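Here's the structure we're looking at; comments come further down.
Just so we're clear, the structure is a prediction, and the values are computed from it rather than from any experiment.
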Amino acid sequence: MKQIFFFLLLSLSLFSCEKAENNFDSKVQAIMLAPKSEKSKFTQNDLASPSKPTETIEPKIIKEGNLRFETKDLQATYNQIIKNITASGGTIQSDVEGNDYESVFRKLIIRIPSQKFDVFMTNITKGVRFFDTKEITSEDVTAEYIDINARLNAKKTLENRYLELLKKATKVTEMLEIETQLSLIREEIEAKQASLNYLQNRVAFSTITIEFYKTVAQESGATVSYGTKIWTAITSGFNSLSGLFIWLLSVWPYLIITIVVLYFIRKKIKTKKS
């Protein structure tokens, strides 16, 4: 009997030890799993962050200038402007010369790299005391640039997806439908790319309009001889007479019809009186 009791006590002790050991192992495992989950979570975030890097876009600014001023020497001013254009790496887009009632002028439209805009404007305006017009504008098109670029990238991604579908297509109808969609997408890509290139060109190169003029003194105190006046009057009268003769030639059918109608009216009136 004592042996049986001793055997039961020993079995109960072994069972209690095994249960305690299992509880201890589970606690240890729980403690060890926590750092493992935290580590995996960190690794996932760490891997996800490089996939979407923060892209910094420089501000896209369009600079333009408009100048008009008087100069004493047109050629010297023109040479100075050409010298600064060459030094800045710019180009002349338009060059117009002319004169009006009181002055002769020259008008240039110039494209200058935007980074040299301020230096160029300072150099060409040296010695100018007064500006009839001086206008400098800066337009921020960063938002427009980002929008066009994002739409362009989205269209390119869509194009790649359609190309993948085209490789997997097995039916002719599916291929034709996919190619039709690809054609439309590529047209949109070309249009967006053209808009983006135009915007980039305006940002990279500033447009400057420069008009400079020289006042021409009017001749005063000049007299005209009577002979010149008489000849001018004769010439003017001859021109007027020639104009009248040409006008009569152009309306002669109407004159003939009018004369015939008046003739018959007068004849009818005479007949009634008689």
Side-chain angles (χ1 to χ4, degrees), residues 56-149 152 190-225 227-229 231-233 235-236 239:
T56 303
I57 298 179
E58 296 181 359
K60 305 297 180 181
I61 307 296
I62 297 176
K63 292 183 178 181
E64 294 183 348
N66 185 18
L67 301 175
R68 186 175 188 272
F69 56 89
E70 184 179 3
T71 181
K72 295 181 180 179
D73 192 336
L74 287 177
Q75 190 60 41
T77 302
Y78 175 77
N79 292 338
Q80 180 185 358
I81 294 174
I82 294 298
K83 180 180 178 181
N84 284 280
I85 292 174
T86 304
S88 301
T91 57
I92 298 177
Q93 190 172 358
S94 175
D95 186 354
V96 179
E97 295 182 71
N99 54 30
D100 51 26
Y101 183 68
E102 296 180 347
S103 64
V104 292
F105 66 88
R106 193 159 190 169
K107 184 177 182 180
L108 302 174
I109 299 178
I110 304 165
R111 301 295 305 280
I112 295 293
S114 298
Q115 63 270 22
K116 298 182 180 179
F117 177 85
D118 296 330
V119 176
F120 179 81
M121 293 290 285
T122 301
N123 291 337
I124 65 172
T125 55
K126 287 180 180 179
V128 180
R129 297 181 180 179
F130 176 78
F131 292 94
D132 296 286
T133 303
K134 185 177 182 180
E135 182 180 3
I136 298 174
T137 60
S138 296
E139 182 183 0
D140 190 347
V141 293
T142 307
E144 184 180 356
Y145 177 87
I146 293 174
D147 180 66
I148 296 175
N149 192 39
L152 179 62
E190 290 177 0
K192 295 296 181 185
Q193 188 65 57
S195 300
L196 191 65
N197 292 342
Y198 174 72
L199 198 62
Q200 288 175 336
N201 183 264
R202 291 188 63 196
V203 171
F205 291 89
S206 299
T207 302
I208 304 173
T209 302
I210 306 173
E211 182 178 351
F212 49 98
Y213 65 93
K214 178 181 178 182
T215 302
V216 179
Q218 297 182 358
E219 296 182 358
S220 58
T223 58
V224 181
S225 63
T228 303
K229 292 181 179 180
W231 176 251
T232 303
T235 305
S236 178
N239 292 334

* Rounded distance (nearest 0.5 Å) linking atom OG1 of Thr137 with atom CD1 of Ile62 -> 9.0 Å
* Asked: Given Gln75, which of Asn79, Asp73, Thr77 fulfils the side-chain hydrogen bond (donor to acceptor under 3.5 Å, both in side chains) condition?
  -> Asn79
* Any Phe120 side-chain heavy atom under 4.5 Å of Ile110 side chain -> yes
* Flag the pair Leu74 / Val104 as yes when at least one side-chain heavy-atom distance between them is below 4.5 Å, and no otherwise. => yes
* Closest heavy-atom pair and its distance - Val203, Lys60 -> CG2-CB, 4.0 Å
* Structure fact -> Note: Tyr213 and Thr215 closest approach over all heavy atoms is CE1-OG1, 4.0 Å
* Structure fact -> Sequence neighbours excluded, the answer for side-chain hydrogen bond (donor to acceptor under 3.5 Å, both in side chains) partners of Ser138 is none
* Asked: Can you say whether the rings of Phe69 and Phe131 are parallel (under 30°), tilted (30 to 60°) or perpendicular (over 60°)?
  -> perpendicular
* Quick one: salt bridge (Lys or Arg N to Asp or Glu O under 4.0 Å) pairs with a partner in residues 122-140, sequence neighbours left out? -> Arg68-Asp132
* Can you measure from CG (Asn201) to CZ (Arg111) and round to the nearest 0.5 angstrom? => 5.0 Å
* To do: Hey, could you give me the OG1/CD distance between Thr207 and Glu64, rounded to the nearest 0.5 Å?
  => 5.0 Å
* Side-chain donor-acceptor contact under 3.5 Å, Ser114 with Ser206 -> yes
* Have Asn84 and Gln80 got a donor and an acceptor in their side chains that come within less than 3.5 Å? -> no
* Asked: Can you tell me how far the CD1 atom of Ile208 sits from the CD1 atom of Ile92, to the nearest 0.5 Å?
  -> 12.0 Å
* Structure fact -> When rounded to the nearest 0.5 Å, the distance separating CD1 of Ile136 from NZ of Lys63 is 9.0 Å
* So, does Asn149 use its side chain to make a donor-acceptor pair with the main chain of Tyr145 at under 3.5 Å? -> no
* Asked: Rounded to the nearest 0.5 Å, how far apart are CG of Leu152 and CD of Gln193?
  -> 5.0 Å
* For Asp147 and Ala143, indicate whether the former's side chain and the latter's backbone hold a donor-acceptor pair under 3.5 Å. => no
* Would you indicate whether the side-chain heavy atoms of Met121 and Leu67 approach each other to under 4.5 Å? => yes
* Asked: Are any side-chain N or O atoms of Thr125 and backbone N or O atoms of Thr122, one a donor and one an acceptor, separated by less than 3.5 Å?
  -> yes
